[in-house]
Amino acid sequence: MKLKQLYVLLMRLAERFQMVQLVIIFLALFTDRKKSAIHHFRLALSINPLLWAAYEELCVLGAAKEATVVFSEAAALCIQNQYLHHGLPSPNLHMSSEDYNLVSSRNFGSEDVSPRKLKHTQGNNLRGIPGNHHGAVVLSGAASQPQNGGPSNMSFYNTPSPMASQLSGVAPPPLCRNMQPNGSNLNTVNTDGSPRSIVNSTIQAPRRKFVDEGKLRKISGRLFSDSGPRRSTRLTGDTGANTNANTAAVAGNGTNNSSKYLGSSKLSSVAPRTVTVRKGQSWVNENIEEGIRNEAFDDSCANVASTTSSSFSSDNVRSLDHDGATVLVGGVVVSGAKAVSGASEVLCLLRTLGEGYRLSCLYRCQDALDAYLRLPHRHYNTSWVLSQVGKAHFELVDYLEADLAFSLARQVSPYSLEGMDIYSTVLYHLKEDMKLSYLTQELISTDRLAPQSWCAMGNCYSLQKDHETALKIFHRAVRLNSRFAYAHTLSGHEYVALEDFENGIKSYQNALRIDSRHYNAWYGLGMIFFRQERFEFSEHHFGMALQINPCSSVIMSYLGTTLHALKKSEDAIKIMDRAILADRKNPLPMYQKANILMSLEKFDDALEVLEELKEYAPRESSVYALMGKIYKRRNMHEKAMLHFGIALDLKPSATDVATIKAAIEKLHVPDELEDNLSTE
Amino acid sequence: MATESSESEEEGKITGGNQHLIVEDDLREMGKKAAWSVSSCKTGNGVSSLRDDNLETYWQSDGAQPHLVNIQFQKKVKLQLVVLYVDFKLDESYTPSKISIRAGDGFHNLKEIKTVELVKPTGWVYLSLSGNDPRETFVNTFMLQIAVLSNHLNGRDTHVRQIKVYGPRPNPIPHQPFQFTSREFITYSTVR
């Protein structure tokens with residue numbers, strides 16, 4: 001088929017052209033060649049360790065190595081080497097308007113690179129103000145062949161030079177800084193801008209090192225008169241790591257407080273997705289990038305600091321020559337030595353972020369939260385990080401915390417759509433229909449064509465129990481982006497609510513085809529089979545879901561009920577206990593355990609569990625109803641009556657009212673019989 | 001339960017009707033899963049007008065009384081409420097007057113479960129199928145038949161604009177004896 005041919009062709013080209021690598025990766029994913037995709041991602045990462053996009057995708061595929069391994073010091077050296085090898089960056093850095101936050105500019109010599117394929121911008125935080133490039137930087141880490149002697153995967157920091165001529169009048173995009181490495185001139189370079197951000201000696205230390213800020217401001221002022229205010233405050237904080245390399249050393253880039261640029265912080269890689277390169281004005285990715293980058297530089301990168309500072313102020317912006325004679329970083333020429341320090345800083349940040357992201361993809365949510373907490377405040381309070389924190393809380397079934405995190409994320413970056421579909425689900429669980437409708441309105445007005453907005457709307461209708469409309473809306477989300485797995489899963493849920501199991505199964509399977517680690521879809525399939533009483537299938541699917549997300553107590557408890565239905569009651573009870581331990585706040589496993597015990601006729605144990613449950617949820621009608629049922633079985637009629645009465649007072653649903661009342665009626669009969677017998 | 005705007009003293013008589021259809025949250029409409037048929041109809045005013053959510057269109061019968069609307073399900077379902085939209089002001093002598101609701105497994109063993117007399121109804125009329133006994137909250141059946149035994153002003157044929165049939169919502173968690181009521185339980189009970 002065509003895709004296959006394309007794939008083969010690309011493989012051949014890959015050796016020659018780096019950018020092709022990333023294209024291959026995505027193609028491989030589309031054609032389900034997961035192993036190949038993983039292999040290429042790893043390859044890309046080894047060539048260019050700052051390629052955050054690759055690491056992110058690896059995490060999603062569940063095949064990422066630990067962040068410390070990937071973003072190690074060795075990687076920094078590797079980057080440095082690349083720097084030194086390549087000559088000038090070509091001026092064509094083209095900031096693609098889409099999401100590239102960071103586009104690492106690659107020098108393709110004369111070639112105009114348009115790595116567009118990369119959706120995620122490369123790790124380099126290029127906060128680039130691409131001075132002269134409008135070229136997109138290719139992110140693909142792959143091919144290291146320099147074309148024309150010089151492109152490397154390194155992101156180049158371009159400091160916009162006042163020589164607008166080269167700048168082509170493009171306001172520097174917030175993120176990209178292209179640094180044009182110039183081997184020869186490296187020594188002279190000092191990245192003023194970058195150092196700032198880079199050095200973060202400690203995570204806690206406020207990154208702001210205002211030391212160079214003043215200088216940067218001046219420089220940047222000269223450089224960019226038109227750049228709008230950037231959100232660089234976060235970045236500014238960066239200690240003056242002088243790492244030139246990573247952080248967008250753009251010191252010069254006046255526009256944003258260059259602080260942002262500093263160093264790595266700019267690596268937008270972190271969450272490039274929604275970043276759009278704004279011509280200098282908006283720092284879209286700021287949120288994450290900044291945070292990330294800054295972070296990266298912390299601790300480990302401290303050393304970098306001093307070097308560049310000196311050279312720093314000196315050179316202002318110099319235009320980036322196309323012949324790459326000088327590497328301009330923020331107007332300062334960057335020296336090669338700084339490159340590595342800059343790289344280290346960036347890597348530091350990436351390490352923390354990467355670790356957090358990897359852990360949350362493995363659903364080790366508590367660990368992920370701890371990892372994110374290690375980020376400095378400035379980085380933590382960025383939209384991407386807060387979204388990830390929200391997601392982690394969501395997976396831990398801690399919806400209140402998730403709500404907090406997500407609303408903070410929205411305050412910080414109200415136009416970001418990342419993670420908002422999860423936020424809508426959180427609000428759905430919390431039954432906050434006002435907030436949910438409000439969120440939906442905001443999202444739709446931000447972007448009518450994003451599947452996340454429509455997912456939120458669908459959740460809104462589903463909360464109102466209007467499942468048919470919700471289904472239509474989820475279909476719309478699917479049509480907008482058929483590779484958005486969550487939309488398929490949500491459609492599956494709606495089909496199930498409408499009792500259309502066939503289509504539900506199809507939807508869940510679609511979701512799994514796109515992302516086989518989407519545990520909600522596995523869970524959904526398990527539930528359908530459970531309803532249809534195909535317990536073996538159900539057990540298998542719940543098992544798969546649990547494998548992917550081993551700390552979800554809800555899935556454990558359903559697996560337990562399935563096992564019980566398969567008559568493996570011992571295992572069932574074991575799993576229930578695990579579920580109870582996993583999340584003490586979850587009443588479901590206790591209730592199911594009581595159910596199982598009751599059907600095993602272990603009435604006392606069941607009653608014990610229910611008594612405990614009563615403490616936790618004193619107004620839950622079903623607990624009392626079940627207790628009443630058990631007392632009835634034990635022939636303790638008075639207690640049964642008492643509990644049934646309480647259950648009725650707590651307003652159960654109509655069906656349950658009927659069941660309970662019927663049970664009460666039946667209670668009288670044995671009494672009467674007894675009376676009759678006793679009188680005889 | 002759905003409210004009736006007024007109910008006369010005598011048992012089985014219903015007057016008036018609601019303009020808005022308001023049904024409790026724990027009921028859901030079951031008509032989509034059923035096969036609907038009528039004993040007779042005039043061309044252009046067939047059974048589809050009963051289910052089109054359009055109050056302008058109506059079913060008009062075209063034969064001898066009683067006029068029947070048959071609702072057949074593929075499996076036994078629990079039903080709790082039947083709602084009709086009839087309007088004396090618009091339909092006058094076509095407005096049904098005496099209605100009998102029967103249930104059973106099929107045409108051969110239908111049994112009457114409710115009779116009601118409408119007196120100049122003007123909107124949605126709610127007919128609950130529950131008995132007095134709490135055990136009879138629902139009618140568990142394969143088939144429901146709504147029979148129009150007579151019309152206002154002794155009209156021969158009848159107009160009915162819409163019919164809806166409601167039953168309880170199933171437990172969102174399968175194989176559970178009771179439904180959850182409190183927030184904590186519901187929040188934790190599913191993964192979305």
> Please find the pair of heavy atoms, one from B/Lys78 and one from A/Thr655, that lie closest to each other, and give the distance.
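That would be NZ-CG2, 4.3 Å.
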> Check whether A/Phe530 gets within reach of chain B through its side chain, its backbone, both or neither, counting any heavy atom under 4.5 Å.
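For A/Phe530, the contact with chain B is made by backbone and side chain together.
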> Given heavy-atom pairs under 4.5 angstrom as the criterion, report whether the side chain, backbone, both or neither of A/Val397 touches chain B.
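Both parts, backbone and side chain.
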> Please work out whether the ring planes of A/Tyr591 and B/Phe180 are parallel, tilted or perpendicular, with thresholds of 30° and 60°.
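Plane angle over 60°, so perpendicular.
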> When rounded to the nearest 0.5 angstrom, what is the spacing between CZ in B/Arg192 and CG in A/Asn520?
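Answer rounded to 0.5 Å: 10.0 Å.
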> Got a second to check how far A/Lys651's NZ is from B/Ser182's OG, nearest 0.5 Å?
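With rounding to 0.5 Å, NZ (A/Lys651) is 14.0 Å from OG (B/Ser182).
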> Please output the residues of residues 42-57 of chain B in contact with chain A, using a heavy-atom cutoff of under 4.5 Å, in numerical order.
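Checking residues 42-57 of chain B against chain A gives no residue, so none.
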> What residue, out of B/Val191, B/Asp26, B/Ile186, has the most heavy-atom pairs lying under 4.5 Å from chain A?
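The residue among B/Val191, B/Asp26, B/Ile186 with the greatest pair count is B/Val191.
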> Could you list which of residues 163-176 of chain B have a heavy atom closer than 4.5 Å to any heavy atom of chain A, in residue-number order?
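So the qualifying residues are B/Pro168, B/Arg169, B/Pro170, B/Asn171, B/Pro172, B/Ile173, B/Pro174, B/His175, B/Gln176.
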> Against chain B, label A/Glu468 side chain, backbone, both or neither, depending on which of its atoms sit under 4.5 Å from a heavy atom there.
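Side chain of A/Glu468 only, per the 4.5 Å heavy-atom cut-off to chain B.
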> Measure distances from B/Phe138 to the heavy atoms of chain A and classify the residue's part below 4.5 Å as side chain, backbone, both or neither.
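Side chain only.
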> Sub-3.5 Å donor-acceptor pair from the side chain of A/Asp656 to the main-chain atoms of B/Gln179, do we have one?
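A pair under 3.5 Å: yes.
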> If I compare all heavy atoms of A/Pro652 with all of B/Thr181, which pair ends up nearest, and what's the gap?
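Smallest heavy-atom distance, with atoms named: CA-CG2, 3.8 Å.
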> Given a strict heavy-atom distance threshold of 4.5 Å, which part of A/Leu613 is in contact with chain B: side chain, backbone, both, or neither?
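Just its side chain gets close to chain B.
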> Crowded around B/Lys114 NZ? As in, over 12 foreign heavy atoms under 6.0 Å?
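Atom NZ in B/Lys114 is crowded, with more than 12 foreign heavy atoms closer than 6.0 Å.
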> Please state whether the side chain, the backbone, both or neither of A/Ser557 comes within less than 4.5 Å of a heavy atom of chain B.
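For A/Ser557, no heavy atom lies under 4.5 Å from chain B.
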> Rounded to the nearest 0.5 Å, what's the gap from CG on A/Asn586 to OG1 on B/Thr187? Could you check?
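So the gap between those two atoms works out to 9.5 Å.
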> Does atom OH (A/Tyr428) have a neighbourhood of more than 12 heavy atoms from anything else shown, all under 6.0 Å?
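Yes.
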> At a heavy-atom separation under 4.5 Å, does A/Lys431 approach chain B through its side chain, its backbone, both, or neither?
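Interface part for A/Lys431: side chain.
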> Taking only heavy atoms into account, what residues of residues 615-630 of chain A are found under 4.5 Å from chain B?
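Expected list: A/Tyr616, A/Ala617, A/Arg619, A/Glu620, A/Ser621, A/Ser622, A/Val623, A/Ala625, A/Leu626, A/Lys629.
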> Which one of A/Ile660, A/Val657, A/Asp583 has the most heavy-atom pairs closer than 4.5 Å to chain B?
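So the answer, after comparing A/Ile660, A/Val657, A/Asp583, is A/Asp583.
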> Using non-hydrogen atoms and a limit below 4.5 Å, what part of residues 492-503 of chain A faces chain B?
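Residues A/His493, A/Glu494, A/Glu499 are the ones that qualify, each having a heavy atom under 4.5 Å from chain B.
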